[in-house]
Amino acid sequence: MIKKLIVLLTIFVLFGCGSDALSMFKSEMEGSAKNFEGDIHGTYASTYTPLKPENIVIRNATIFDGNGNKFLDYDVYFSDGKIKNLGVDLEVEGAREIDATGKYVTPGIVDNHSHMGVYPAPSVRTSSDGNEATNPVTAEVWAEHSVWSQDPQYKLALAGGVTTFHVLPGSANLFGGRGVTLKNVSANTVPDMKFPDAPHSLKMACGENPKRVYRSRGPSTRMGNVAGYRKAWIGAENHKKRLEREPEHRDIKNETLVGVLDGKILVHNHCYRADEMATMINISQEFGYKVSTFHHAVEAYKIADLLADEGICAALWADWWGFKHEAYDMTIANIAIVDQARGGTGCAIVHSDSESGIQRLNQEAAKALAAGRRAGFEISEARAMTWLTKNPAKSLGILDKTGTLDFGKDADLVIWDGNPFSVYTKAEQVYIDGALTFDKASNFMPHTDFDIGIKEWEEK
Amino acid sequence: MRLIKLLILFSFYLFPHADDMYLLKGGNVFLPNVGFVKKDILIDEGLIISIKDEIDSSISENVINSDGKYITPGLIVFSALGLIEIGALPETIDIRSETYNAGFDPSDAFNPFSQAIRLNRSKGVTSTVNIPSASGYFAGLLSYTKINNGLKQKKQGPLGLLTSYGQSYDDSRAANLMFIEDLFSYVRNGYDSMKADQIQFFYGTDNEYRFTKRDLEAIQKVINKEMPLVVRVNKATDILKVLEMAKSENINLVLWEANEGHMVAEEISKAEVPVIMDPLNNIPGTFDSLNATYENVSRLHNAGVKLAFYYDQSSGVHNAYLATQSAGNAVALGVSYNEALASVTLNPAEIFDIKNVGVIAIGYDADLTIWDNDPLELMTQVETVFIDGSKQDLSNRYDELTERYTKEEELPNSYRSR
């Protein structure tokens, strides 16, 4: 790969090609590379381009910056799709002014657990594409190849302030396949929605689901599940050795797993019980990979210190429980306990796993915050906002691009008509990469093809 | 002597006790058609006996200072509380029946010690409308249960007969309508009750078509207008068909879910049919709900339809108390505050004619919840709950687990009592 690049660069130097031509050739080269890197950076790379980014200064807002800070009567300035400045009475020329007195501004919400697109609406068998439940190990499938770009649910999440979401395969399998991070924009193709340069992810699942789905052929027990993970990782190690001998050899299942072992693919592990999460950490240590995030993790509070020590995030519901045995030991303080572990170094995330919940993640965070305070923790609203923005962005490997209102990041942000932790508050405007994508007042929002022709009534 | 002691103890467990008189002083009290007003409330022997601007504290030893607090009727939820412990474990579920359908009432299976009951009580719920889920043409009978501490709970019912209408995998919805008409006609014209247990209404072997005497009697009650037919239906055109059917059959009707109700809001209002719904259902999740929208609730409200709310999202079964979140959102979506709060307290009682609950008024059951702030807000906490005048234990498993894992102790947490 590097050799090839040097050869090409030599050619460019010799023939005096410009930088545009270089990048064109570079992408062609990577696109044609039939391997792990070629897949990610070439053939299946993001082709997303933002809508029309504006130069805008939002004035006099209450700002939660996503880093845990709250600023009163602050301005935020963004242009060319990037955050440029936060401050008081910013001097900006040539920007559209928005008066946000009495309003709140936050980073766009990042949901790191969604099945929009792979379980679209309406929910029917013909487009139920989230679980390749034909084998306990399907590391070779990619959620992005199931995503329906015309799912009418995206815009509902957008109206709830969600600017980025991570679509995962379901939890039927030990290894469910790769997940994909999308910008919440309407587009006709999935690559046009893909968050540029977001790392690929791998969905793994513990507990009841795999052992229920495969009970007749195995695994049918939790110990069977663990044997299944370990066998698969040993297979991946063998594949890695083989690649040293046969660099051209392809095995798309093991390419995903080796991508994890090489630290290029982030593990998102569906796991409810504390003891099982600890076992999964052991497995990751045996094979030398890192778990990015445990999802659902109803019992995360039982091992909050361990998660903080290991630098593993927990993506959680505020209050779901009781729908299955491994979700019985619920506490609404779960998110707060994970957040406050080891002197507040825990990484807590409010996730949805729900096409309804994703529309009101701010409300879920409010309930979790209230429970945390009730349990005796002093947690600010600004801190709770990190559960919706910074931490999920970190968990997805895109914190350098979104999740806070830091200089230079994507101008993904929400103007709320009041405090986002109130049940009465609504998102008023949503910007993605500095472009207005939702405006409540004018009813401006994208509509997918599916929406066309359906409406038999007039919106107010 | 020992026996007497036992008897006293036993009766204490059997019946909710309320020999204590309580004075709730200075709270913002939710009164129907008025809203929150600063009042004192006196409760005795399980009932609200006085509501005044000022009641002298000397009248009761038990004064609860409610200054700055909010007092509402206890929440009445629509749920399977006490009937489902763990969703994926059928052995902990008692809302189903393969044997009966229309006549199936799950309320005798009610488990007052369910962890879901404890949680919901601590969140301000004082009673529940039990939702059956039998397989067949009818899901069963709705009933009403208080969720007080202890072994015995007051019940009312049956309140209504639950069924659904709309998309199905087998028969056309037209065929389903024909079947209901034929079945009602069969019952109306006097089925042979002696043979009812032996014969099947249609000679199919499928359970859907089998009706026992108990089932036919339940249908008879609907025909006699002793209770309403409650129909879970979403598509606007289906709602119109159900309204027509109720009119021609001369029965009382309640609509359930009604995601496309906003398209026929005037017709629903004209028929004076109430709607039980979740204002948050805005996803076109089925082809019967393609026009689902956040606007549903305000359009029904503006048309004058009486509404009651439940929380249908995801873990709604165990978190029925989140009906307040649905109600709070309804306010943000254009419903008046008082109506939204009534939709989780008074309206469920009115829709099903549940006696003596749902409102803070003299002579009514003292089912009360005291909140530290606006009851519909997300961060508001419940402070005190009364059911039939009895101050409830609000301990619950989630608080206990929280404490177990947040308190630093020398011994491992499994050695602590809680």
Side-chain angles (χ1 to χ4, degrees), chain A residues 121-124 152-153 156 159 208 212 299 301-302 304 317 319-334 336-337 340 352-357 359-360 362-367 369-371 373-377 421-426 450-451 454-457 459-460, chain B residues 84-89 92 114-116 119 236 260 262-263 278 280-295 298-299 312-315 317-319 322 324-325 327-329 331-334 374 376-381 397-407 413:
Chain A
S123 168
V124 285
Q153 297 175 124
L156 302 176
E208 289 181 26
R212 184 185 67 245
E299 295 188 3
Y301 65 97
K302 297 184 183 180
W317 297 293
D319 48 25
W320 289 26
W321 72 288
F323 45 93
K324 50 160 85 169
H325 195 187
E326 60 193 6
Y328 196 54
D329 283 5
M330 179 276 300
T331 163
I332 311 176
N334 196 17
I337 295 172
Q340 294 295 306
S352 79
D353 187 24
S354 156
E355 294 68 33
S356 179
Q359 301 178 41
R360 293 171 302 277
N362 55 313
Q363 297 186 11
E364 299 305 300
K367 292 183 287 182
L369 173 59
R373 288 175 176 173
R374 182 181 147 92
F377 298 110
F421 295 100
S422 164
V423 75
Y424 306 120
T425 295
K426 293 264 175 241
F450 186 80
D451 297 303
I454 280 176
K455 240 176 204 175
E456 296 293 341
W457 51 286
E459 238 167 308
K460 259 180 249 169
Chain B
I84 296 182
E85 193 60 23
I86 293 176
L89 289 181
T92 70
S114 161
Q115 300 302 336
L119 174 68
E260 291 191 351
H262 60 99
M263 293 162 70
D278 184 351
L280 298 175
N281 281 355
N282 68 341
I283 295 176
T286 67
F287 276 89
D288 277 6
S289 294
L290 292 181
N291 291 289
T293 168
Y294 264 163
E295 290 187 29
S298 60
R299 287 178 175 236
D312 193 29
Q313 313 306 319
S314 312
S315 209
V317 176
H318 286 71
N319 293 339
L322 292 176
T324 52
Q325 190 179 351
N329 277 279
V331 174
L333 294 167
D374 175 358
L376 302 187
E377 264 293 10
L378 302 159
M379 297 182 60
T380 296
Q381 300 289 334
R397 195 162 182 272
Y398 106 77
D399 277 341
E400 287 154 8
L401 282 166
T402 304
E403 195 164 323
R404 191 173 162 105
Y405 281 92
T406 50
K407 262 193 180 169
N413 54 32

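Note that the structure is a prediction, hence the values are computed from the model and not measured.
- Atom OH of residue A/Tyr328 and atom CD of residue B/Gln115 lie 4.5 Å apart, to the nearest 0.5 angstrom.
- Only the side chain of A/Arg360 has a heavy atom closer than 4.5 Å to any heavy atom of chain B.
- Side-chain contact check for B/Thr406 versus A/Tyr301: every heavy-atom pair is 4.5 Å or farther apart.
- With a threshold of 4.5 angstrom between heavy atoms, A/Phe377 approaches chain B through side-chain atoms but not through N, CA, C or O.
- In terms of non-hydrogen atom pairs under 4.5 Å with chain B, the most contact-rich of A/Met330, A/Gln153, A/Glu364, A/Glu208 is A/Met330.
- Rounding to the nearest 0.5 Å gives a distance of 11.5 Å between CG of B/Leu401 and CD1 of A/Ile332.
- If you measure heavy-atom distances from B/Asn281 to chain A, you find no contacts under 4.5 Å at all.
- In this structure, chain B has a heavy atom under 4.5 Å from the side chain of A/Ile337, while its backbone stays farther away.
- Contact annotation: the side chain of B/Ile84 never approaches that of A/Phe323 to less than 4.5 Å [non-hydrogen atoms, C-beta and beyond].
- Contact annotation for B/Asp399: only side-chain heavy atoms (C-beta onward) come within less than 4.5 Å of a heavy atom of chain A.
- Distance check: B/Phe287 CZ to A/Ile454 CD1 gives 7.5 Å after rounding to the nearest 0.5 Å.
- For A/Gln340, no part lies under 4.5 angstrom from a heavy atom of chain B.
- Using a 4.5 Å cut-off between heavy atoms, B/Ala236 makes no contact with chain A at all.
- Contact between B/Ile283 and A/Ser356 at its shortest, heavy atoms only, is CD1-N, 3.7 Å.
- Minimum interatomic distance between B/Asn319 and A/Asp319 (heavy atoms only, all atoms of both residues): ND2-O, 2.7 Å.
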* **CA sep, side-chain torsions, deciding dist, call: B/Glu377, A/Tyr424, side-chain hydrogen bond (donor to acceptor under 3.5 Å, both in side chains)** => CA-CA 8 Å; B/Glu377 264 293 10; A/Tyr424 306 120; 5.4 Å; no
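- Among A/Ala366, A/Gly376, A/Ala159, the residue making the largest number of heavy-atom pairs under 4.5 Å with chain B is A/Ala366.
- The two residues B/Pro284 and A/Ala121 have their closest heavy-atom pair at O-CB, 3.4 Å.
- Distance CG/B/Leu280 to CD/A/Gln359: 8.5 Å, rounded to 0.5 Å.
- Heavy-atom pairs under 4.5 Å with chain A peak, among B/Thr92, B/Leu376, B/Leu89, at B/Leu376.
- Between A/Ala375 and B/Thr402 the shortest heavy-atom distance is CB-CG2, 3.7 Å.
- When all heavy atoms are compared, the tightest approach of A/Lys426 to B/Tyr294 is NZ-CE1, 4.3 Å.
- Ranked by heavy-atom pairs under 4.5 Å with chain A, the first of B/Thr286, B/Val331, B/Asn282, B/Leu290 is B/Asn282.
- Rounding to the nearest 0.5 angstrom, the gap separating the CD atom in A/Gln363 from the CD atom in B/Gln325 is 5.0 Å.
- Note that CZ of B/Arg397 and OG1 of A/Thr331 are 11.0 Å apart. Values are rounded to the nearest 0.5 Å.
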